[in-house]
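So the structure is just underneath, and the comments pick up after that.
In the text below, chain A, chain B and the rest are named by the order of the sequence lines, each starting its count at 1.
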Amino acid sequence: MADRATLEDLVRLQGERVRALKQQKASAEQIEEEVAKLLKLKAQLGPDEGKQKFVLKTPKGTRDYSPRQMAVREKVFDVIISCFKRHGAEVIDTPVFELKETLTGKYGEDSKLIYDLKDQGGELLSLRYDLTVPFARYLAMNKLTNIKRYHIAKVYRRDNPAMTRGRYREFYQCDFDIAGQFDPMIPDAECLKIMCEILSSLQIGDFLVKVNDRRILDGTFAVCGVPDSKFRTICSSVDKLDKVSWEEVKSEMVGEKGLAPEVADRIGDYVQQHGGVSLVEQLLQDPKLSQNKQALEGLGDLKLLFEYLTLFGIADKISFDLSLARGLDYYTGVIYEAVLLQPPAQALKEKVRTTETQVLVASAQKKLLEERLKLISELWDAGIKAELLYKKNPKLLNQLQYCEEAGIPLVAIIGEQELKDGVIKLRSVASREEVDVRREDLVEEIKRRTSQPLCIC
Amino acid sequence: MADRATLEDLVRLQGERVRALKQQKASAEQIEEEVAKLLKLKAQLGPDEGKQKFVLKTPKGTRDYSPRQMAVREKVFDVIISCFKRHGAEVIDTPVFELKETLTGKYGEDSKLIYDLKDQGGELLSLRYDLTVPFARYLAMNKLTNIKRYHIAKVYRRDNPAMTRGRYREFYQCDFDIAGQFDPMIPDAECLKIMCEILSSLQIGDFLVKVNDRRILDGTFAVCGVPDSKFRTICSSVDKLDKVSWEEVKSEMVGEKGLAPEVADRIGDYVQQHGGVSLVEQLLQDPKLSQNKQALEGLGDLKLLFEYLTLFGIADKISFDLSLARGLDYYTGVIYEAVLLQPPAQAGEEPLGVGSVAAGGRYDGLVGMFDPKGRKVPCVGLSIGVERIFSIVEQRMEALKEKVRTTETQVLVASAQKKLLEERLKLISELWDAGIKAELLYKKNPKLLNQLQYCEEAGIPLVAIIGEQELKDGVIKLRSVASREEVDVRREDLVEEIKRRTSQPLCIC
């Protein structure tokens with residue numbers, strides 16, 4: 001008895017031999033002979049082998065979206081996109097992969113998380129890591145000097161996903177950007193207005209938008225005595241203040257990053273502060289900060305920003321927070337981050353429909369398939385969303401059950417007597433009430449009952 | 001003077017050294033020293049080197065979608081999706097890549113066109129080649145026995161793209177499939193109804209749907225004497241009949257594929273035929289075909305299909321065409337393909353087929369390949385060739401000089417005088433909060449002319465002009481960009497007036 005691995009090899013080789021013969025269009029007898037040999041070998045392996053092995057899973061860190069999940073996704077995207085459109089944004093799309101060189105050198109240490117494509121003899125490619133670098137490439141390629149655009153698409157990062165914490169390797173990004181040289185802070189204010197509109201419309205609870213400025217951060221570090229070479233690393237310590245206490249942050253800065261304790265203390269006096277425009281004005285008077293050119297620029301712009309945010313009616317949602325120090329290196333001015341103030345509310349047990357079907361075309365008696373097909377075709381042609389069961393003689397109960405499961409509100413029941421009388425029985429699934437409707441009035445009646453506008457006003 | 005390649009290497013190494021020192025948090029002096037060395041090296045290369053090279057192109061066979069192209073795409077998808085929804089389809093989405101083993105062995109010779117991901121130490125992955133195999137995987141994984149679903153997403157093939165013919169390496173597929181064991185031909189008929197509804201709504205011209213059946217083809221080949229082993233290859237020759245003449249096809253079958261000439265002739269008697277249900281009935285009486293079990297099954301199903309298509313009101317768009325022999329191996333029953341017909345240039349000319357815009361068929365064996373127990377889930381479906389449709393719609397719009405808007409902005413909030421930015425910000429915020437689509441120029445003191453020009457370029461129909469006197473009077477000047485007519489509107493009536501003029505429903509009835 002040949003060992004298993006050898007047998008598997010033989011099976012594979014024999015399989016290839018058979019395929020080759022078929023491709024060469026060898027004689028049927030020859031192929032049959034070799035196929036018989038293959039089957040004998042497979043039989044030796046045992047009954048379960050020889051079937052194509054399927055690993056029924058999606059790749060690590062990725063997932064399918066079921067119809068229910070798509071319904072949720074569509075709701076959320078509708079809110080977001082309608083807000084972007086309300087603000088006059090255009091939309092673009094870019095390929096899922098870029099030339100590797102386009103992405104090289106843009107992400108610092110995160111570059112190791114980029115998915116590369118195999119070198120198959122052509123260009124070297126990588127899956128996009130975000131939508132911002134493709135945007136910059138698009139602007140440069142098309143020599144655009146200004147555009148207001150949104151882009152919703154999936155991006156790819158070879159993270160170590162913690163699926164429970166909603167961290168994936170393939171996930172959606174939803175970006176809105178205004179590119180161009182304009183008068184200061186107007187587009188910046190509009191971005192914050194958009195953020196607030198979206199988060200309010202989504203009804204996911206109260207939120208807060210923290211705002212800071214890269215120049216204020218850098219100016220603060222300078223006046224506190226942080227050495228230039230330590231700016232970025234101190235930045236990432238300070239950024240942790242939303243999760244850990246000041247004592248822990250200070251201890252990391254002094255203990256691990258070699259910052260002098262008195263410098264750390266001075267930083268602490270600043271970065272633990274947050275407030276509204278009054279804090280901006282206070283810092284504009286700060287003896288040390290007001291000597292720093294960068295900090296003054298940043299504070300001046302924030303003051304202007306707050307004026308605009310007040311006119312936009314959202315100043316009460318904005319907090320100037322000196323500990324906000326977001327990760328990416330390429331921010332040069334204002335930075336902001338929205339956080340939810342409490343964990344999302346408990347499930348409302350809201351039933352989500354995965355289809356928009358308005359009516360099921362049904363029959364209670366046998367031999368009425370043709371009538372159902374005729375009627376449903378009339379409904380489709382009139383723009384009604386309708387389904388029927390793919391059975392010649394379905395039972396009424398099964399048809400009603402199908403409606404309940406799918407959330408279909410109406411049933412149009414065809415019956416022999418009704419056909420003679422020129423009517424259709426229209427039944428409400430929820431109330432179980434039935435009424436006879438003249439065939440020529442059916443479309444209007446369905447539209448009326450399902451709140452479909454009869455015409456565009 | 002070191003040669004250039006060596007210099008470039010030195011620059012790169014020195015750059016890495018500097019980065020490493022920074023990461024290790026070396027002293028500022030040390031870093032400064034190494035940075036100076038780096039700059040000296042770069043200077044030797046020449047003034048333009050050292051800048052980040054930005055290769056300004058998309059990968060071969062791919063393209064960006066500009067706002068104009070997105071507007072076309074959105075129009076087309078709206079028609080297609082609303083049809084799928086009208087027929088009660090659910091929607092799913094799957095990852096852009098699958099485990100390599102999921103795709104292995106499903107595409108025959110086309111497997112060499114699959115994009116693989118680099119082995120970076122984890123699972124071996126490949127970009128999806130179509131939406132059908134992911135669908136079969138999804139069904140098997142979730143142990144589903146029936147579903148009616150659509151899926152619109154990009155797929156990836158390392159073709160040699162002929163960009164002019166709309167052939168890309170990254171392109172959209174638009175699939176609709178009904179999976180499940182049902183009474184015969186009802187879902188098949190609905191697929192054809194959907195195809196016809198979509199192609200009519202898109203208004204891309206007259207079309208024809210050719211229908212055939214894998215069993216009729218196989219039965220025909222059998223009765224004509226084609227050896228089993230030549231079935232698939234003769235199939236692909238016959239499939240060319242929509243593009244080349246019978247003589248050429250026969251010559252390929254006999255000359256290149258080794259088919260006996262008399263067998264080829266017999267095939268020719270069948271495959272050059274096309275017609276309606278009467279052709280089905282005729283073939284059911286055909287002395288040879290009626291002896292072949294497969295052909296009879298296929299013909300019987302087609303007869304039933306035509307009955308349903310007549311009830312659906314689309315039989316006049318369907319042609320039973322015995323030369324239709326679509327590529328993919330996994331079809332097991334009815335197959336169909338929609339082609340656009342051009343209006344005849346002169347009276348009496350034959351309408352020309354300009355290539356397929358949609359296709360599909362029944363494939364009962366695919367899901368079973370994924371199920372560990374081999375459980376079969378019969379499927380029938382269709383795929384809309386949207387990329388081709390995008391080109392056609394774009395061309396049509398250009399020909400008709402149809403202006404396509406890339407935004408939906410209803411009104412620009414403007415000012416004619418200086419120092420009115422704050423008033424504009426206040427007003428536009430009221431409009432946004434009331435759901436009006438509005439923009440303003442990001443300038444403190446824009447000129448009215450520039451603001452009007454912006455509206456003309458973007459197709460914004462209305463301007464809400466703020467002026468000092470109007471503010472005192474509590475009105476806003478509402479101007480129609482097209483007619484240039486202006487009217488004073490009370491501030492509290494502005495929202496309603498804008499909605500009325502831009503046909504936005506005031507309420508959901």
Which atoms of [X] are under 4.5 Å from chain A, going by heavy atoms: the side chain, the backbone, both sets, or neither?
| X | result |
| --- | --- |
| B/A458 | neither |
| B/E170 | side chain |
| B/E430 | neither |
| B/R405 | neither |

Provide the closest heavy-atom pair for [X] versus [Y] in the form atom of the first, atom of the second, distance.
| X | Y | value |
| --- | --- | --- |
| A/W380 | B/E197 | CB-OE2, 3.4 Å |
| B/M70 | A/D93 | SD-CB, 3.8 Å |
| B/Y138 | A/S66 | OH-CA, 3.4 Å |

Under a 4.5 Å heavy-atom cutoff, which of [options] has the most pairs with chain A?
| options | answer |
| --- | --- |
| B/S229, B/P187, B/A189 | B/P187 |
| B/L440, B/L127, B/I147, B/T406 | B/T406 |
| B/I460, B/L441, B/T409, B/L311 | B/L311 |

For chain B, the option from [options] that forms the most heavy-atom pairs under 4.5 Å:
| options | result |
| --- | --- |
| A/P95, A/C83, A/S377 | A/P95 |
| A/T355, A/D228, A/T310, A/T233 | A/T355 |
| A/E371, A/R158, A/R149 | A/R158 |

Would you call [X]-[Y] a salt bridge at under 4.0 Å N-O?
| X | Y | result |
| --- | --- | --- |
| A/R86 | B/D433 | no |
| A/K85 | B/E74 | yes |
| A/K148 | B/E439 | yes |
| A/K57 | B/E98 | no |

- Query: Where do A/D119 and B/K118 land on the side-chain contact (heavy atoms from CB on, under 4.5 Å) test, with the steps shown first?
  - Reply: CA-CA 7 Å; A/D119 184 349; B/K118 184 172 166 182; over 6 Å; no

Test your reading of the model: is there a side-chain donor-acceptor pair from [X] to the backbone of [Y], 3.5 Å cut-off?
| X | Y | answer |
| --- | --- | --- |
| A/E370 | B/Y308 | no |
| B/E123 | A/K60 | yes |
| B/D183 | A/K392 | yes |
| A/E356 | B/G88 | no |

With side chains defined as the heavy atoms from C-beta onward, is the minimum distance between [X] and [Y] less than 4.5 Å?
| X | Y | value |
| --- | --- | --- |
| B/K443 | A/F182 | no |
| A/L56 | B/R137 | yes |
| B/Y65 | A/I92 | no |
| B/L421 | A/I186 | yes |
| B/Y156 | A/V96 | yes |

- Working for side-chain contact (heavy atoms from CB on, under 4.5 Å), residues A/I376 and B/F312: CA-CA 8 Å; A/I376 202 174; B/F312 280 164; 3.9 Å; yes

- Task: Please step through side-chain hydrogen bond (donor to acceptor under 3.5 Å, both in side chains) for the pair A/E190 and B/Y442, ending with a clear verdict.
- Result: CA-CA 10 Å; A/E190 186 166 9; B/Y442 299 124; 2.5 Å; yes

